[in-house]
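Reading through the structure tokens given below for one structure.
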Amino acid sequence: MSAKIIDGKKIAAATLANIKENLTASGYVPKLAIILVGNDDASTIYVRNKQKSAVTAGIATELYHLADTTSQEEILELLDKCNQDSSINGIIVQLPLPAHLNTNEIINRISPLKDVDGFHPYNTGLLHNNEEPYFVAATPLGIMTMLKTVIKNLSGKNVVLIGASLIVGRPLATLLLNQECTVTITHIHTKNIKDLTSKADVLVAACGVANMVKKDWIKNDAILIDVGINRENGKLCGDIDFADVKEKAFAITPVPGGVGPMTVAMLLQNTYRAYLLQHDML
Ligand code: NAD
């Protein structure tokens with residue numbers, strides 16, 4: 001039997017519609033400040049998608065598009081200004097930043113109460129301690145939301161992650177551990193990855209290697225989450241070879257239309273949450 005498709009596009013659209021409905025009823029218009037440094041093609045597309053979805057959700061955006069020569073000090077000053085501006089509820093800095101900039105120092109300058117990407121150590125620290133952070137990073141949050149549509153109880157499940165980045169693998173591992181999963185995090189230096197992935201009830205691929213995961217990497221009836229965004233022969237594809245695994249898996253997220261739209265929807269959900277938190281409504 002063919003795997004169930006976890007339709008991220010549909011869940012994301014429902015999330016945006018729900019935010020819009022709540023905002024229309026309340027008359028609130030949260031605002032997201034987006035800081036984009038330079039003209040990286042992928043970053044420019046991601047920012048445009050965020051702005052488009054914000055319109056759908058009824059959230060305002062303010063784009064600060066800075067030259068790739070902008071200094072560390074100038075960005076820190078802009079962040080201080082955005083932190084103090086009460087009309088701005090959420091702040092994101094589109095990553096990656098040009099090499100001359102210190103990303104950690106920049107992320108750490110965002111007020112934790114406006115850190116809607118959930119990357120500030122205050123928020124990641126609370127997550128680590130299994131306490132409720134102001135915000136959880138959008139991609140892992142979207143994955144948890146999608147998992148809930150196909151599995152009621154994650155407790156005791158064997159989950160393997162491919163990729164240990166700060167924006168996907170690490171926060172996701174913590175969220176899953178907090179749900180009592182047994183989590184294995186693998187990365188570029190992991191030996192015999194296939195031996196680990198083939199025992200996974202849930203496998204999340206977030207390594208950026210086109211179609212790496214084949215059917216002999218997975219267990220029968222596994223749930224597969226494909227985070228990768230790759231281009232092969234001019235076509236978008238994930239880290240999981242969809243055509244190869246689809247008869248063996250229980251459920252799978254497609255690329256495109258899976259994790260990508262969910263990430264944007266969760267960012268906007270976080271921005272709405274920021275508004276409520278800052279107005280003592282949560
Ligand atoms: P990253 O480069 O920061 O991290 C990649 C991770 O994968 C590292 O831990 C690395 O060790 C591991 N890795 C790389 N090659 C590997 C291999 N051959 N075997 C095992 N592990 C390997 O990347 P990232 O920012 O986490 O992004 C990963 C992928 O997910 C990219 O394709 C990116 O475009 C995509 N992504 C998608 C979304 C979305 O919303 N859909 C969000 C974030 C990232």
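Atoms within each ligand, like the ligands themselves, are counted from 1 in listed order.
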Test item: N270 side-chain N/O and F135 main-chain N/O as donor-acceptor pair under 3.5 Å = no
Is it the case that N102 and Q72 place a side-chain donor and acceptor less than 3.5 Å from each other?
-> no
Any chance the side chains of N211 and D239 put a donor and an acceptor closer than 3.5 Å?
-> no
Any side-chain donor paired with an acceptor under 3.5 Å for K157 and Q179?
-> no
Lys/Arg N to Asp/Glu carboxylate O, E132 vs R273, below 4.0 Å = yes
Side-chain ion pair, K214 and D241, N-O less than 4.0 Å = yes
Sorted by chain and residue number, the residues having a heavy atom closer than 4.0 Å to an atom of ligand 1 are T139, I162, G163, A164, S165, I167, V168, H187, I188, I193, A206, C207, G208, V209, M212, V227, G228, I229, N230, V259, G260, T263
